[in-house]
Amino acid sequence: MAEERRVGRVVAAHGSRFEVELADGRRLSCVTRGKKTGVACGDRVEITPTSAEGGVIERVLPRASLLYRSDPQRQKIIAANVTQGVLVVAAVPSFHEEIINRVLVALEAQQLKCVIVLNKADLPETAAAEERLALYRELGYPLVRLSAKTDVSPLRPYLAREVSVLVGQSGMGKSTLVNALVPGARAATREISTALDSGRHTTTHATLYHLDAESDLIDSPGLQEFGLHHLRPEDVAAAMREFRPLLGHCRFHNCLHRVEPGCAIREAVEAGRISPRRFAAYQAIVGEIVDWRARRYG
Ligand code: GDP
Ligand code: ZN
């Protein structure tokens with residue numbers, strides 16, 4: 001007799017295999033039915049158990065949020081049903097400010113909160129990095145300075161009663177942070193040579209950890225780039241939180257805030273009320289979307 005369908009949660013996604021946790025805590029290794037793709041860590045799914053250890057994912061239940069990025073070929077789901085992003089940066093290797101803005105836009109587009117963690121606070125280069133990050137703190141994103149190697153307690157209050165997804169470039173100390181927050185997580189910690197100042201990520205899949213009964217943490221693979229061409233330019237403008245009060249005040253109702261005359265955003269930049277760094281980030285993201293659409297749709 002076939003087993004009845006059950007509802008579970010995807011706690012690990014490795015390519016086409018998914019670990020699904022049932023309400024009773026049992027975990028089944030599942031595949032999707034047919035060629036169905038697009039299942040993400042954090043998804044609530046309906047499955048049919050096929051054995052004591054395995055099952056088939058029949059359906060993904062509606063998502064409260066979905067964080068994803070695009071690369072030229074496809075969209076990559078990072079995690080589903082999270083309530084916030086935790087963006088990990090460090091002074092060494094140097095972080096790309098563009099990644100910060102892109103992650104913030106992706107999170108804001110899903111109405112998700114973001115905490116920025118400045119890791120490796122023990123390094124002397126941290127002070128300068130913190131200065132660069134002051135811009136984001138002024139925009140209202142909490143900035144938590146810590147050293148994952150010695151003490152992660154400054155971050156804990158931010159993780160309470162949230163489903164957080166950790167994102168960051170490789171080498172920022174995400175694995176070290178996970179190991180410290182979740183005893184036994186065994187996220188592969190990799191000693192990278194600082195001389196390389198880059199490297200390949202070792203985490204190839206997303207994993208959900210329970211911090212306590214009400215708080216979860218999803219670790220996602222390290223990022224090198226973060227494409228956003230799945231968004232519309234107006235989504236990007238609305239995702240820049242300091243642009244929001246000015247939207248609708250440009251001369252043209254469909255202003256993209258690029259070269260149009262009478263642009264309220266550009267005027268705010270010239271008047272010093274919006275940071276030129278944020279305006280440049282906006283231009284880069286929207287420029288990429290416009291170019292991508294031109295190539296795709298002619
Ligand atoms: P991931 O690629 O983001 O997962 O980064 P890892 O956790 O593998 O860390 C990358 C490198 O940064 C390793 O050499 C870690 O030992 C080092 N690292 C991580 N956290 C800290 C920290 O708080 N202070 C210092 N100085 N180094 C750290
Ligand atoms: Zn405008």
Side-chain angles (χ1 to χ4, degrees), residues 78 85-96 99-100 103 116-127 129-130 144-155 165-182 185-207 209 217-224 226 232-238 240 242-271 273-274 278-279 282-283 286-287 290:
I78 299 172
V86 174
L87 173 59
V88 185
V89 299
V92 182
S94 57
F95 60 84
H96 300 301
I99 296 265
I100 298 181
V103 169
I116 302 176
V117 172
L118 176 54
N119 185 30
K120 312 194 192 185
D122 52 295
L123 298 180
E125 295 87 344
T126 299
E130 194 169 13
V144 180
R145 219 184 111 127
L146 56 77
S147 175
K149 275 195 169 167
T150 54
D151 182 16
V152 294
S153 61
L155 181 60
V165 59
L166 272 183
V167 291
Q169 287 167 243
S170 306
M172 297 292 148
K174 224 153 44 64
S175 313
T176 309
L177 191 59
V178 172
N179 286 334
L181 288 167
V182 189
R186 288 189 302 174
T189 298
R190 177 182 45 105
E191 290 294 329
I192 61 156
S193 141
T194 16
L196 286 175
D197 199 73
S198 76
R200 279 176 43 80
H201 49 75
T202 47
T203 328
T204 54
H205 53 260
T207 310
Y209 303 102
L217 181 68
I218 296 180
D219 187 20
S220 72
L223 306 161
Q224 305 298 351
F226 203 105
R232 297 170 305 168
E234 57 267 39
D235 299 328
V236 180
M240 306 292 286
E242 72 278 41
F243 290 19
R244 275 180 211 151
L246 296 170
L247 298 177
H249 294 262
C250 301
R251 184 178 308 162
F252 300 108
H253 78 277
N254 57 352
C255 186
L256 291 184
H257 326 299
R258 301 183 82 203
V259 294
E260 297 90 337
C263 173
I265 303 289
R266 183 179 293 279
E267 283 162 12
V269 176
E270 282 159 7
R273 292 192 304 272
I274 285 180
R278 289 275 289 174
F279 191 55
Y282 169 82
Q283 297 297 338
V286 169
V290 169

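First listed ligand is number 1; within each ligand, the first listed atom is number 1.
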- Message: Below 4.0 Å from ligand 1: does a non-hydrogen atom of Gly222 turn up there or not?
- Response: no
Do you know which two heavy atoms are closest between [X] and [Y], and how far apart they sit?
X: Ile78; Y: Val165; result: CG2-CG2, 4.1 Å
X: Arg278; Y: Phe243; result: O-CZ, 4.4 Å
X: Tyr282; Y: His257; result: OH-CD2, 3.3 Å

- Query: For atom 26 (N) of ligand 1, which candidate among Val89, Val167, Asp122 provides the closest heavy atom?
  - Reply: Asp122
- Taking C-beta and beyond as the side chain, do Thr126 and Leu123 meet within less than 4.5 Å on heavy atoms? yes
- Item | Side chain proximity check, Lys174 to Pro221, heavy atoms < 4.5 angstrom |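 No, their side chains stay 4.5 Å or more apart.
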- Message: If I consider every N, O or S atom in His257, which one ends up closest to the Zn ion (ligand 2)? I only need its name.
- Response: ND1
Proximal atoms of ligand 1 relative to [X] (non-hydrogen, under 4.0 Å):
X: Lys174; answer: 1 (P), 3 (O), 4 (O), 5 (O), 7 (O)
X: Ser147; answer: 22 (C), 23 (O), 24 (N)
X: Ser170; answer: 2 (O)

- Do any of the N, O or S atoms of Cys255 sit under 2.8 Å from the Zn ion (ligand 2)? yes
Nearest 0.5 Å, what's the [atom1]-[atom2] distance between [X] and [Y]?
X: Leu87; Y: Ile99; atom1: CG; atom2: CD1; value: 9.0 Å
X: Gln224; Y: His96; atom1: CD; atom2: NE2; value: 7.5 Å
X: Phe226; Y: Ile100; atom1: CZ; atom2: CD1; value: 12.5 Å

- Expected output: side-chain Asn119 to main-chain Ala148 donor-acceptor under 3.5 Å: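 Such a contact is found between Asn119 side chain and Ala148 backbone.
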What about [X]: any of its N or O atoms under 3.5 Å from an N or O on ligand 1?
X: Ala148; answer: yes
X: Gly171; answer: yes
X: Ser175; answer: yes
X: Ala121; answer: no

- Message: Taking 4.0 Å as the limit for heavy-atom contacts, which would you say applies to Leu123 with ligand 1: side chain only, backbone only, both, or neither?
- Response: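 The answer is the side chain of Leu123.
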- Message: Checking contacts here: is it the side chain or the backbone of Thr150 that comes within 4.0 Å of ligand 1, counting heavy atoms only? Could be both or neither.
- Response: neither
- Note on the structure: At the Zn ion (ligand 2), SG of Cys250 and SG of Cys263 open up to roughly (10° bins) 120°
